[in-house]
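Here is the naming used below: chain letters follow the sequence lines, and residue numbers restart at 1 for every chain. Computation of the quantities below employed the complete heavy-atom set of this structure, encompassing side-chain atoms and omitting hydrogens, waters and symmetry-equivalent molecules.
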Number of protein chains: 2
Amino acid sequence: MDSAVSALPLDRETKASERPGDHKDELRLWLRLLTCSTLIETEIRNRLREEFRTTLPRFDLMAQLEKTVVGMTVGEVSQRLMVSNGNVTAVVTGLVADGLVDKRSAPQDRRVQILTLTPQGRKAFKAMAERHEEWIAELFAGLAQPDVAQLFRLLGDTKTSLHRAIADRVKDAASEALKGDA
Amino acid sequence: MDSAVSALPLDRETKASERPGDHKDELRLWLRLLTCSTLIETEIRNRLREEFRTTLPRFDLMAQLEKTVVGMTVGEVSQRLMVSNGNVTAVVTGLVADGLVDKRSAPQDRRVQILTLTPQGRKAFKAMAERHEEWIAELFAGLAQPDVAQLFRLLGDTKTSLHRAIADRVKDAASEALKGDA
DNA sequence: CGTAAATATTTTAAGTCTGAAATATTTTTT
DNA sequence: AAAAAATATTTCAGACTTAAAATATTTACG
């Protein structure tokens, strides 16, 4: 039991006892991460609008559909993009109206809607994706390749930490809800 | 493993930096950065709603105002949060209606609106900020302290790279626009 | 001085986004 | 098989967001 706890070097208890109440470093890290993310998003949004008269949500949705041959359900897209189902429905409506996406209910389960890029959508996405990749490279051009690799690795660790913290909290809420049941 | 790789043409097996036209590493880095950012935002949004019945944009705006004694103009807040002026106006309208923010035009320049937290707003923010800091620390708890520091540093380099790439493009657009003038 | 340019903010129209309720369909239970 | 539970999506109301146009005010300049 003891060993299991000490195997987690930075859990809530340990950290608090080392620097009680101070989490400024993590806060500053988060703000900097957010700044980078916002700068990139805004820039890509601007370029998509100027060069292709489209929006980031549309581009992102098409990017998901481009990854598959058989199509993707609304729920799957929603999960991958980490947005609500209702949002996917709304964006898809626009893309279908513009002939870029096809939507049809699955024959074996009529609850499910299967989304695919139309040939026109596939072609349009291809052109955008090529430029998009160039833009991203430009934006990160000031970083040396080893820094890119290391940043990628550290953000991988961050992702793991986030998923774990979020899962833990969900578990806590569930056991909390069960308290009075038995 | 080796055979599969060496079956590819030579330029395919070399590093990305040596492959002209390939920017997949940067693209994957951006997607991972976005994932982290979205995971944190969504989680904070959920907790703010559940624990304080408020939203992230409101929290962010109040966080800016909390940093100053003399107040901040709409434009200043807009710049710091990297959102449009109109957006600040909209969010402020709600906060003023709830008595959390005070808005008054500057006596020496009546174009300018000066925003401050009301005493009630200051108190409400203080409570939220304390919890917020804990949440962020929890989310990053899986990272060792040196990793936090290094990630912070690398994101600083990233920020520099982004600002430079964005400034360069603005400059290009400006000189493009001037081409036929002289 | 008086007008033009610059600056700060608000308004507008349209799109994005959310959580929750409603709907439609399939699966499980009785 | 009928009822209940589970699943997938859409609808809804409301908040956020943007870019661009409109408004209000100040500053620059002729």
Can you figure out which of [options] approaches the side chain of [X] most closely?
X       : options                   : result
D109(A) : dT25(D), dT9(D), dT25(C)  : dT25(C)
P57(B)  : dT18(C), dT17(D), dT9(D)  : dT17(D)
Q113(A) : dT26(D), dT17(D), dT10(D) : dT10(D)
K103(A) : dT25(D), dT25(C), dT10(D) : dT10(D)

Quiz item: Any side-chain heavy-atom pair from R80(B) and M72(B) closer than 4.5 angstrom?
Solution: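 Answer yes - side chains close enough.
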
Test: [X] and [Y] ion pair at under 4.0 Å:
X       : Y       : answer
D109(B) : R111(B) : yes
K24(A)  : E133(B) : yes
R58(B)  : D60(B)  : no

Practice problem: Would you kindly check whether a donor in the side chain of R111(B) faces an acceptor in the base of dT7(C), or vice versa, at under 3.5 angstrom? | Solution: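 Counting by modelled atom types and ignoring angles, a donor-acceptor contact under 3.5 Å is found here.
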
[N] OP1/OP2 closer than 4.0 Å to side-chain N/O of [X]:
X      : N       : answer
N46(B) : dG19(C) : yes
T89(A) : dT11(D) : no
R49(B) : dT18(C) : no
N87(B) : dT18(D) : yes

Exercise. Give one of base, sugar-phosphate or nothing for R45(A), where a contact means two heavy atoms less than 4.0 Å apart.
Key: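 Touches nothing.
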
Quiz item: Under 4.0 angstrom, heavy atoms only, what part of the nucleic acid is G75(A) near: base, sugar-phosphate, or nothing?
Solution: sugar-phosphate

Quiz item: Start at the 5' end of DNA chain D and walk down; is the nucleotide closest to V112(A) or to V91(B) reached first?
Solution: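 Final value for this comparison: V112(A).
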
Exercise. Return the value, rounded to whole Å, for the distance between atom CD of Q79(A) and atom P of dT18(C).
Key: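 Roughly 14 Å, once rounded to whole Å.
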
